[in-house]
Amino acid sequence: MKAFIGYLSMSGNTEDMASILKKVLESKGCEVYMDSLDLTDIHSILAYDCIFIGAYTWGDGDLPYEAEDFFEELNDHDLTGIHAACFGSGDHAYPKFCAAVDTLAYKLSERGANVFQQGLKIELNPETDEQILECQQFAESAYEWIVKNEEMEHV
C-alpha cells in the first residue's frame with residue numbers, strides 16, 4: 001500500500017505526529033512518502049492508496065495560512081476512491097481545540113474521499129507515552145480500516 005502523509009507544522013508538533021504515523025505504517029509494510037503540505041502538488045496525492053493530512057490549528061480554530069493554497073486546490077479535484085485520515089496538534093487554551101482537523105476532514109469528504117471518522121487531536125507535542133501511544137493506535141486503526149475498505153471494494 002502506498003501512503004502519503006502531508007502535514008503543516010510551525011513548532012514541530014504536527015511533524016512529530018506525522019513521523020510517528022510514518023513509523024507505524026512502514027512497520028505494516030506500507031511505502032510511505034511524507035512532505036509538508038505547502039510543498040505538495042495535489043495531483044501527486046491522487047497516486048496514493050491513502051492519504052494522511054495533518055495541520056496545527058491557528059488562532060480561533062483556523063487552518064494555518066500555509067494550508068490555504070492546498071485547501072483551495074482541493075476544490076478542483078475529485079478524490080473519489082482515496083482513503084483519508086486527518087490529524088493535528090492544538091492547544092486547549094484556544095476556544096476551538098484542533099478545529100483544523102475537522103475542517104480538513106470535512107473538505108476531503110466533500111471532495112469524495114472516504115474519510116476515517118476518527119481524527120487524531122493532540123495537545124501541543126506528542127511527548128508523553130500516552131500521547132505517543134494515541135498516535136500509534138490512530139495509525140493502526142486507520143490502517144486496518146483502509147485495508148478492510150479496500151478488501152470490500154475488490155470483492
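Note that this is a predicted model, so its numbers are computed, not measured.
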Would you check if [X] and [Y] make a side-chain contact, meaning some heavy-atom pair closer than 4.5 Å?
{"X": "Leu120", "Y": "Glu134", "value": "yes"}
{"X": "Met17", "Y": "Ser89", "value": "yes"}
{"X": "Phe71", "Y": "Thr103", "value": "yes"}
{"X": "Lys22", "Y": "Phe52", "value": "no"}
{"X": "Phe4", "Y": "Asp35", "value": "yes"}
{"X": "Asp76", "Y": "Ile42", "value": "no"}
{"X": "Glu66", "Y": "Tyr56", "value": "yes"}
{"X": "His83", "Y": "Ile51", "value": "no"}

According to a hydrophobic-cluster definition based on side-chain heavy atoms being under 4.5 Å apart (Ile, Leu, Val, Met, Phe, Trp, Tyr only), do [X] and [Y] belong together?
{"X": "Tyr48", "Y": "Leu79", "answer": "yes"}
{"X": "Ile53", "Y": "Leu74", "answer": "yes"}
{"X": "Leu63", "Y": "Val101", "answer": "no"}
{"X": "Phe70", "Y": "Leu46", "answer": "yes"}
{"X": "Leu21", "Y": "Tyr33", "answer": "no"}

Go through the steps for Phe116 and Ser141 under the test side-chain contact (heavy atoms from CB on, under 4.5 Å), then give the verdict.
-> CA-CA 9 Å; Phe116 187 50; Ser141 298; 3.8 Å; yes

Would you check, one step at a time, whether the test side-chain contact (heavy atoms from CB on, under 4.5 Å) holds for Asp102 with Lys121?
-> CA-CA 10 Å; Asp102 301 324; Lys121 300 177 179 182; 2.9 Å; yes

For the pair [X] (side chain) and [Y] (backbone), establish whether a donor and an acceptor sit closer than 3.5 Å, ignoring hydrogens and angles.
{"X": "Gln131", "Y": "Ile122", "result": "no"}
{"X": "Ser36", "Y": "Leu39", "result": "no"}
{"X": "Ser109", "Y": "Ala105", "result": "no"}

Determine the minimum heavy-atom distance between [X] and [Y], stating which atoms define it.
{"X": "Cys86", "Y": "Phe138", "value": "O-CZ, 3.5 Å"}
{"X": "Lys96", "Y": "Gly61", "value": "CB-CA, 3.8 Å"}
{"X": "Leu108", "Y": "Ala84", "value": "CD1-CB, 4.0 Å"}
{"X": "Asp60", "Y": "Pro95", "value": "OD1-CG, 3.1 Å"}
{"X": "His77", "Y": "His43", "value": "CE1-CE1, 3.0 Å"}
{"X": "Ser9", "Y": "Thr14", "value": "OG-N, 3.3 Å"}

Distance in Å, [X] [atom1] paired with [Y] [atom2], rounded so as to fall on 0.5 Å steps:
{"X": "Ile146", "Y": "Cys30", "atom1": "CD1", "atom2": "SG", "result": "7.5 Å"}
{"X": "Gln136", "Y": "Leu25", "atom1": "CD", "atom2": "CG", "result": "11.5 Å"}
{"X": "Asp16", "Y": "Tyr7", "atom1": "CG", "atom2": "OH", "result": "9.5 Å"}
{"X": "Gln137", "Y": "Ile132", "atom1": "CD", "atom2": "CD1", "result": "12.0 Å"}
{"X": "Tyr143", "Y": "Lys148", "atom1": "OH", "atom2": "NZ", "result": "14.5 Å"}
{"X": "Asn114", "Y": "Trp145", "atom1": "CG", "atom2": "CH2", "result": "4.0 Å"}

Does atom [atom1] of [X] have more than 12 heavy-atom neighbours from other groups under 6.0 Å away?
{"X": "Trp58", "atom1": "CH2", "answer": "no"}
{"X": "Glu31", "atom1": "CD", "answer": "no"}
{"X": "Phe97", "atom1": "CZ", "answer": "yes"}
{"X": "Lys2", "atom1": "NZ", "answer": "yes"}

Going by an N to O cut-off under 4.0 Å, is there a salt bridge joining Glu110 and Lys107?
-> yes

Carefully, step by step, assess Ser19 and Met34 under the rule side-chain contact (heavy atoms from CB on, under 4.5 Å).
-> CA-CA 8 Å; Ser19 295; Met34 191 168 96; 3.7 Å; yes

In Leu37, Thr57, Leu8, Asp38, the residue satisfying side-chain contact (heavy atoms from CB on, under 4.5 Å) with Pro64 is Leu8

